[in-house]
Amino acid sequence: MKRYILFLSAIAGLLTSCSGFLEKELQGNPNKDNYYRTTYQLQEALNAVYDILQSNSYNNCEWIFGEACGDDVVGNDESTANQISELVNFRFSTSNSWIRDRYTINYKGINRANQVIANAHNVVLENDDIDNYTTVREILGQAKFLRAMFYFNLVKTYGGVPIRPEIEDINHLTIPRSSKEEVYAYIEKDLREAAIMLRSKFTDKNAGKAGCGAAVALLMKVLAYQATPGIESEKWEEIVRLGSYFIEGTNLNFGEILHFEDYDETWDELRERLWFKPKEKLLANESYETELTNLPALSNEYSLYSKKADGSKLNYRDLYYADGEFCTRSVFEVVFKESANGLNDDANEGTGIFQDLFSTRLFTSQSLLSDLTNDPRKDEMFKQNGTTSFDGERVSLPNGKTGCMKWYTPKLERPTDGNDNGKNRRVIIYSEVVLWYAEALNETGNREKALEQLNNVKKTANEITNISTLYKPGTYVEMRDQIWKERRIELSCLWDRFFDIVRQGRAARVLHAFASETEHNRGINFVEGINEIFPIPQNEIDITNGVVTQNPGY
């Protein structure tokens, strides 16, 4: 917990030893009182939040928990005695290093985001132009989106966790856990506010920043994780409302997405806090945003068919390569750029992580390949050892293994220096938004429209080989199972499978069945009612003297 002290006095991103920092007298160094004065400085602090998403620590935890713990892949070292093997076999202790690292790296991101949010009010604008307010508001909105994403990673991994105050108090660093419901409410509020603060989508030199589309897409996912399949819920109803806005272009206003009727502040107080220009400073040609102001339109910004900025159409597979970066199928992605000097100075991997996963670490499971039978995505996105890639390279994998081409880096896109990297990671793709909409429609009784949305996703994949096979009408359960199958295929190898089957309430059943196809019975040790979430790291229990409590069963 001592690491949190750093952010009281140092700008996000300038990390040093906490004890060493406190022992030295500051002489001319920037601190929270004199640093956040300009939009440039606030943007630099936001860049430090995005930097977490590029780090080895963050990305390794993402694929280990979200992918390697699920049933879509088999690993190259599942039988060995190491921390990853123990984790994916559900034979870990509460001191497992990856359990600790995932907890730590996401709180590191939260603390950096908190610095932006807590200090935005220190920015001094040179004048009262709308553009200056918009700049600060969009920086603040992105910080809220990123903070929500970090907390979402934590709550789906550990259940309820401590909600850190935006301004830390050195005398009250030990914070007890909030309930899972309280953490989700906190996440929702950040995403709802981010949605009204951000433009629809950032493009050109700003591509990669989270826009309104990313905030709404993540909100739909967060709502789905709180709902239970087969049980009526306002969460399902709201996903339908958000999907209608996002996909079909119906209007959605600020008051609706915020649930402003539940706020304690006035509308003007909210506008001031979120950096909308104060009413009294508006010029005659400047508009005053109200509760009835509509969110920016998203339906024309995204598509199930990949198109570049110039409108040219891409192949299905191109979403995962350089041509598909920031295309109409990508809602939010982690940006990795080749550095100017070709050095690996900052431990940001990008291509290196993906190439490692593809060639040496994780291989496609037989159960996933079975679900892909007669689907055109099987031959397009999955290649066996010894076959030829689309760019003419022999696929080199262990004998009998199949690799996911979403992790492959084409020959012409590989970095010029072996230590340099540049392949972006797709975090939210548009087809996932459509599938959330389809699932919520089915949950609220509109199976016909759910089938339409589901088949819209399938039609996109069908264009690979021009086949016409589609999903069929059915009962609620039949529709749900088809949607879940399509989720598995379309979203495979995007580092989210384990959390998806937990969310669906069938992790134990799926993993126990999966164990029979694996050499080392991976999944057989999963205990229903316990292993859906992981333990709080033991060092967190120890350092707080038990104020932060452990999850049941650990």
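Just so it is clear, the model here is predicted, and its values are computed rather than measured.
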Rounded to the nearest 0.5 Å, how far does CH2 of Trp236 lie from OG1 of Thr228? 8.0 Å

Identify whether the distance between the nearest side-chain nitrogen and carboxylate oxygen of Glu237 and Arg241 falls below 4.0 Å. no

Side chain Asp51, main chain Asn47, donor-acceptor under 3.5 Å: no

Test log, rule side-chain contact (heavy atoms from CB on, under 4.5 Å), inputs Phe498 and Val88: CA-CA 10 Å; Phe498 173 75; Val88 302; over 6 Å; no

Using a cut-off of 6.0 Å, state whether more than 12 heavy atoms not belonging to Glu261 lie near its atom CD. yes

Is it true that Glu269 and Lys279 make a salt bridge, defined as a side-chain N closer than 4.0 Å to a carboxylate O? no

Under 3.5 Å, is there a donor-acceptor pair between the Asp268 and Thr266 side chains? no

Classify the side-chain pair Thr360/Asp356 by whether it contains a donor and acceptor separated by less than 3.5 Å. yes

Do we get Arg137 above Phe276's six-membered ring, with its NZ or CZ under 6.0 Å from the centre and within 45° of the axis? yes

Met149 CE to Phe145 CZ distance, which is reported to the nearest 0.5 Å: 5.0 Å

Are any of the side-chain heavy atoms of Asn253 and Thr293 separated by less than 4.5 Å? no

Going by atom types only, do Tyr50 and Gln142 share a side-chain donor-acceptor pair under 3.5 Å? yes

Please determine whether a side-chain nitrogen of the Lys or Arg among Lys156 and Asp500 lies less than 4.0 Å from a carboxylate oxygen of the Asp or Glu. no

pair Trp63-Arg361: side-chain heavy atoms closer than 4.5 Å: yes

Enter the distance from Phe332:CZ to Ile428:CD1 here, rounded to the nearest 0.5 Å. 7.0 Å

Between Glu432 and Lys221, does a side-chain contact (heavy atoms from CB on, under 4.5 Å) hold up when you go through it step by step? CA-CA 9 Å; Glu432 181 176 12; Lys221 186 170 186 174; 3.5 Å; yes

Criterion side-chain contact (heavy atoms from CB on, under 4.5 Å) on Arg425 and Glu333, from CA distance to verdict: CA-CA 5 Å; Arg425 175 196 165 199; Glu333 55 193 81; 6.0 Å; no

CD on Gln550 to CZ on Arg177, rounded to 0.5 Å: 7.0 Å

Find the distance between CG (Asn539) and OG1 (Thr104) and round it off to the nearest 0.5 Å. 6.5 Å

Quick one: do the Glu272 and His121 side chains pair a donor with an acceptor below 3.5 Å? no

Using a strict 4.0 Å threshold on nitrogen-to-oxygen distance, state whether Lys201 and Glu301 make a salt bridge. no

Point-to-point distance, once rounded to the nearest 0.5 Å, from CZ of Arg192 to CD1 of Ile257: 6.5 Å

Flag side-chain contact, heavy atom, 4.5 Å: Phe65 against Phe534: yes

Side-chain heavy-atom pair Tyr184, Leu223 within 4.5 angstrom cut-off: no

Does any N or O in the side chain of Asp72 come within less than 3.5 Å of the main-chain N or O of Ser492, such that one atom is a donor and the other an acceptor? no

Output field: ring centroids Tyr437/Phe246 closer than 6.0 Å: no

Is Glu265 atom CD crowded by more than 12 heavy atoms from other residues, nucleotides or ligands, each under 6.0 Å away? yes

Please identify each residue that fulfils side-chain hydrogen bond (donor to acceptor under 3.5 Å, both in side chains) with Arg100, with sequence neighbours left out. none

Any Lys/Arg nitrogen of Lys277 or Glu289 sitting under 4.0 Å from an Asp/Glu carboxylate oxygen of the other? no

Please determine if Arg102 and Glu62 form a salt bridge, counting it only when a charged side-chain N lies under 4.0 Å from a carboxylate O. yes

Are side-chain heavy atoms of Asn59 and Leu53 found at a separation under 4.5 Å? no

Do Trp495 and Phe354 have ring centroids that are under 6.0 Å from one another? yes

Going through the distances and angles, do Asn294 and Leu252 end up as a side-chain contact (heavy atoms from CB on, under 4.5 Å)? CA-CA 5 Å; Asn294 287 326; Leu252 182 68; 6.0 Å; no

Between the side chains of Arg497 and Glu67, is the shortest nitrogen-to-carboxylate-oxygen separation below 4.0 Å, so that they form an ion pair? no

Hits for side-chain hydrogen bond (donor to acceptor under 3.5 Å, both in side chains) against Ser85, two or more places apart or cross-chain, chain-then-number order -> Asn89

Distance-only, no hydrogens or angles: does the Asn96 side chain make a donor-acceptor pair with backbone N or O of Gln83 under 3.5 Å? yes

Please state whether the rings of Tyr151 and Tyr107 are parallel, tilted or perpendicular, taking 30° and 60° as the class boundaries. perpendicular

When you check the gap from the basic side-chain N to the acidic O, do Arg273 and Glu193 get nearer than 4.0 Å? yes

Determine whether Arg487 and Trp436 make a side-chain contact, defined as any pair of heavy atoms from C-beta on separated by less than 4.5 Å. yes

Any heavy-atom pair between the side chains of Asn153 and Tyr103 that's under 4.5 Å? no

Looking at Asn127 and Asp129, would you say the former's side chain and the latter's main chain have a donor-acceptor pair under 3.5 Å? yes

Under the 3.5 angstrom rule, does the side chain of Arg503 hit a backbone N or O of Gln226 as a donor-acceptor pair? no

By salt bridge (charged side-chain N to carboxylate O under 4.0 Å, His left out), which residues pair with Lys189, not counting sequence neighbours? none

Do Tyr158 and Asn106 have side chains that approach each other closer than 4.5 Å (heavy atoms only, starting at C-beta)? no

Would you mind checking if Glu166 and Arg147 are paired as a salt bridge, meaning a charged N to carboxylate O distance below 4.0 Å? yes

